[in-house]
Amino acid sequence: MKKFTEKVIDIVTNIPKGKTMTYAEVANKAGSAQAARAVGSIMAKNQDRNVPCHRVIRSDGSLGPYNGLRGPSKEALLREEGAIG
DNA sequence: CAGATGACGATCA
DNA sequence: CTGATCGCCATCT
């Protein structure tokens, strides 16, 4: 039995290249449909290099903030992957 | 255990 | 549409 945090990390790691997932979607798959806030909190405190946290965006379409762990910014990375175009 | 925090989301003005 | 506010959840101190 994985914990919410582990689930979120596992899900985000499973996001295919060139695609994006909203915090609400991740939270929903993690087991809590209303834990979008918690998901962000988890990501912020758990910045693993093996987790493409830049593929996680807000539900309204905004990329949201980024600490620059995997690159300069989400937009740049998503642009390279083709998630934006 | 209780209080405070935050990479969100929806609603109101 | 834009800006501000409340409600939500899990984690950290």
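Only a predicted model underlies this, so the values are computations on that prediction, with no experimental measurement involved. Proteins come first, then strands; the chains are lettered A, B, ... in the order of their sequence lines, and each starts at number 1.
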* **Main-chain N/O of A/Ala24 paired with A/Asn28 side-chain donor or acceptor, under 3.5 Å** => no
* Structure fact -> Note: A/Ala30 and A/Phe4 closest approach over all heavy atoms is CB-CE1, 3.4 Å
* To do: Determine, step by step, whether A/Met43 and A/Val12 satisfy the side-chain contact (heavy atoms from CB on, under 4.5 Å) criterion, reporting the C-alpha distance in whole Å, the side-chain angles of both residues, the deciding distance to 0.1 Å, and the verdict.
  => CA-CA 9 Å; A/Met43 306 310 291; A/Val12 175; 3.9 Å; yes
* Spell out, as yes or no, whether a donor-acceptor pair under 3.5 Å connects the side chain of A/Lys74 to the backbone of A/Ser62. => no
* **Euclidean distance, atom CD of residue A/Glu25 to atom P of B/dG9 [Å, nearest integer]** => 10 Å
* Which part of the nucleic acid, if any, lies within reach of A/Ala24 when heavy atoms closer than 4.0 Å are counted: base, sugar-phosphate only, or nothing? -> sugar-phosphate
* Asked: Are any of A/Arg58's side-chain N or O atoms less than 4.0 Å away from OP1 or OP2 of B/dG9?
  -> yes
* To do: Would you check if there is a donor-acceptor pair between the side chains of A/Glu81 and A/His54 at a distance under 3.5 Å?
  => yes
* Name the nucleic acid region contacted by A/Ala36, choosing base, sugar-phosphate or nothing; use a 4.0 angstrom heavy-atom cut-off, strictly under. => sugar-phosphate
* Asked: For the side chain of A/Ala38, counting heavy atoms from C-beta on, which of B/dG6, B/dA7, B/dG9 is nearest?
  -> B/dG6
* **Candidate list A/Ile15, A/Thr13, A/Leu77, test side-chain contact (heavy atoms from CB on, under 4.5 Å), partner A/Arg55, passing option** => A/Ile15
* To do: For A/Ser41, answer base if it contacts any base atom (sugar-phosphate contacts may also be present), sugar-phosphate if it contacts only those atoms, and nothing otherwise; contact means non-hydrogen atoms under 4.0 Å.
  => base
* Hey, does the side chain of A/Arg70 reach the backbone of A/Arg49 with a donor-acceptor pair shorter than 3.5 angstrom? -> yes
* Please check if atom CD in A/Glu80 has more than 12 non-hydrogen atoms from other residues, nucleotides or ligands closer than 6.0 Å. => no
* Between B/dA7 (P) and A/Lys45 (NZ): distance, integer Å -> 8 Å
* **Start and end of chain A contact along DNA chain C [non-hydrogen atoms, under 4.0 Å]** => C/dG7 to C/dC12
* Can you find a donor-acceptor N/O pair under 3.5 angstrom joining the side chain of A/Tyr23 to the base of B/dA7? -> yes
* **Those residues of residues 4-18 of chain A lying under 4.0 Å from DNA chain C by at least one heavy atom** => A/Phe4, A/Thr5
* Asked: On a plain distance test, is the side chain of A/Asp60 in donor-acceptor contact with the base of B/dA10 below 3.5 Å?
  -> no
* Between NZ on residue A/Lys7 and CD1 on residue A/Ile42, distance to nearest 0.5 Å -> 11.0 Å
